[in-house]
Amino acid sequence: MKSHSVLKMALLPGLLFASALAAAAPVKIALVETLSGPQASTGLSYRSAVRYAVDRINAEGGWHGQPLELLEYDNQGGPAGAADKLKAAISDGAKIVVQGASSAIGGQITEDVRKWNLRNRGRELIYLNVGAEAQSLTGDKCQFYHFRVAGNAPMRVGALVAGMKQDGALGARVYAIDQNYSWGQDMEQAIVDAAAAGGYTVVEKTLHDVGKIQDFSPYVNKIAAAQADTVMTGNWGSDLLLLMKAARAAGLKARFGTVYLDQPGNIANAGEVALGGYVAQTFNAEAAGAAGEAFVRDYEARTGHAPTFIEPQTVFGMLLVGQALKRVPAGDGTLDVRQLALQIEQASVETPMGTLSMRAQDHQALLPLAVSVVSREARYKADGTDLGFKPVKRFTAQEAAVPAQAACRMQRPD
């Protein structure tokens with residue numbers, strides 16, 4: 001009896017810890033995304049990828065056996081809506097907020113998260129940026145609890161120019177057309193900055209309103225009049241869809257160099273105009289070989305469609321966080337967000353494209369890229385057409401990387 005009592009006493013702390021852990025609320029992740037309005041197709045792609053990744057992380061044990069719980073909020077495509085929904089997410093107990101569609105919204109979220117964390121020590125929140133690629137977010141707006149697991153304009157344009165030049169497809173006259181906000185302005189500057197390396201002249205630049213242009217034919221007429229060999233654009237969402245549609249209607253001969261040509265619907269809209277167009281991608285299944293094919297099969301089985309556009313980078317970024325979570329001790333069953341941020345800084349994950357890791361200096365992910373051309377010879381077809389994205393050049397994360405910006409002066413927690 002005595003030995004039995006001693007054994008019970010020895011086990012008691014462990015039993016109490018297990019009971020506390022079991023009773024703790026699951027780790028809550030808030031998707032604050034554009035799920036309605038003209039840019040909803042992009043937000044819904046992010047949602048699909050985040051759902052898939054959360055399911056995978058939970059299948060692997062979540063956080064020390066606790067499942068991650070996904071909360072979803074529609075920011076209605078604007079910073080004001082995002083600010084309101086972020087407040088709701090915090091009230092609902094979220095520890096990580098995920099967003100990607102629009103750098104304008106990303107700028108609002110990162111500032112709100114920064115202010116919240118300053119005022120609420122011990123109740124911090126992480127912003128996982130899966131697609132807002134404006135330079136300022138890892139430049140003068142960089143902050144300890146923001147992590148970007150997507151690219152940026154210099155990375156994308158640098159890869160695009162190198163791939164197109166290698167293929168002899170860049171030409172000597174480039175027209176830059178972009179959305180008039182932080183991301184589009186960054187793209188325009190990156191296109192200008194890469195002119196010497198690419199051996200081209202920027203014949204004209206256009207910045208236009210975001211999500212408000214219904215007819216891009218006047219812009220297409222300007223491109224034709226400028227006798228551009230290549231149109232370079234960072235447009236996304238309806239702005240790219242409608243630009244490609246107008247180019248098709250006008251029979252535009254210029255070649256497209258893009259960041260988001262792989263967005264669903266673009267190839268169907270552009271038809272033959274897209275043939276020979278290029279895109280700088282974070283994932284190309286053909287380039288990724290057997291591992292890429294396996295990822296496509298699994299994603300398609302779980303979601304009903306193949307991963308494309310921004311979905312792969314979102315999945316890989318979420319899995320990076322999943323790796324970091326494994327290294328955060330369970331403690332009393334409450335996630336220590338500061339410790340999680342420190343672990344994300346050191347995290348890496350093997351993706352079908354290669355290693356993705358986080359740079360601690362500015363919290364910009366170092367991720368592989370591929371440059372692909374729209375071709376009938378592509379293994380994987382897009383939009384039910386006979387066209388797909390044939391890889392022409394791959395870049396490791398180190399090859400695709402650009403230096404951290406001097407403007408990032410990150411304040412680290414005590």
Side-chain angles (χ1 to χ4, degrees), residues 33-52 100-101 131 160 169 211 214-217 220 231 233-315 352-353 370-392:
E33 197 47 85
T34 304
L35 304 178
S36 63
Q39 305 289 17
S41 62
T42 300
L44 293 171
S45 291
Y46 282 113
R47 184 175 72 176
S48 175
V50 171
R51 286 179 174 181
Y52 168 87
L160 186 64
Q214 298 302 311
D215 180 10
F216 275 85
S217 58
V220 172
V231 178
T233 181
N235 279 16
W236 56 275
S238 63
D239 286 333
L240 184 57
L241 289 168
L242 293 174
L243 174 62
M244 298 296 288
K245 186 176 181 179
R248 179 182 187 180
L252 186 70
K253 300 301 182 184
R255 183 177 287 110
F256 275 85
T258 75
V259 174
Y260 298 123
L261 187 56
D262 54 352
Q263 180 182 0
N266 284 341
I267 298 301
N269 268 312
E272 294 294 313
V273 172
L275 192 62
Y278 286 75
V279 60
Q281 302 174 291
T282 55
F283 176 76
N284 179 294
E286 186 172 345
E293 183 178 352
F295 172 54
V296 169
R297 285 201 307 267
D298 188 64
Y299 193 92
E300 193 166 22
R302 294 170 184 260
T303 69
H305 66 275
T308 187
F309 187 31
I310 46 71
E311 291 171 313
Q313 70 191 36
T314 302
V315 171
M353 292 289 290
V371 173
S372 308
V373 62
V374 178
S375 169
R376 289 190 172 88
E377 297 178 2
R379 180 174 179 182
Y380 297 91
K381 308 303 182 182
D383 296 340
T385 71
D386 64 346
L387 302 175
F389 297 96
K390 184 76 177 174
V392 299

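We use all heavy atoms of the structure for the numbers below, so side chains are in, but hydrogens, waters and symmetry mates are not.
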For this session: Check whether more than 12 heavy atoms from other residues, nucleotides or ligands sit under 6.0 Å from atom NZ of K253, and answer yes or no.
Result: no
### Query
Is the backbone of S238 close enough, under 3.5 Å, to the side chain of Q39 for a donor and an acceptor to pair up by distance?
yes
Rounded to the nearest 0.5 Å, the CH2 atom of W236 sits from the CG atom of L241 at a distance of 11.0 Å
Rounded to the nearest 0.5 angstrom, the CD-CG distance for Q281 and L160 is 10.5 Å
With sequence neighbours left out, the residues meeting side-chain hydrogen bond (donor to acceptor under 3.5 Å, both in side chains) with T314 are none
Taken to the nearest 0.5 Å, the spacing of D239 CG from F216 CZ works out to 4.5 Å
In this structure, NZ of K245 is separated from CD of Q214 (nearest 0.5 Å) by 10.0 Å
| Under 3.5 Å donor-acceptor, R47 side chain and E33 backbone | no
Just so I know, are the side chains of K381 and L387 near enough to count as touching, which here means a heavy-atom distance under 4.5 Å? no
>> Using side-chain heavy atoms (C-beta onward) and a distance below 4.5 Å, is Q263 in contact with S45?
In response: no
Paired with I267, the side chain to side chain contact (heavy atoms under 4.5 Å, CB included) test is passed by just one of V273, D386, V374, namely V374
Q.
I'd like to check V279 versus V259 (side-chain heavy atoms, cut-off strictly below 4.5 Å). Are they in contact?
A. no
Residue set satisfying side-chain hydrogen bond (donor to acceptor under 3.5 Å, both in side chains) with R297, at least two apart, ordered chain then number -> E293
Contacts of K390 meeting side-chain hydrogen bond (donor to acceptor under 3.5 Å, both in side chains) (sequence neighbours excluded), chain-then-number -> E286
Exactly one candidate in T42, N269, T233 meets side chain to side chain contact (heavy atoms under 4.5 Å, CB included) with L240; the answer is T233
Across all chains, not counting sequence neighbours, the ring pair (Phe, Tyr, Trp, His ring centres under 6.0 Å) partners of Y278 are none
Residues passing the ring pair (Phe, Tyr, Trp, His ring centres under 6.0 Å) test with Y46, sequence neighbours excluded, are none
So OG of S217 and CG of L252: to nearest 0.5 Å the spacing works out to 12.0 Å
Applying side-chain hydrogen bond (donor to acceptor under 3.5 Å, both in side chains) to N266 and not counting sequence neighbours gives none
Separation between OG (S372) and OH (Y380), nearest 0.5 Å, reads 12.5 Å
query: Any side-chain heavy-atom pair from M353 and T282 closer than 4.5 angstrom?
result: no
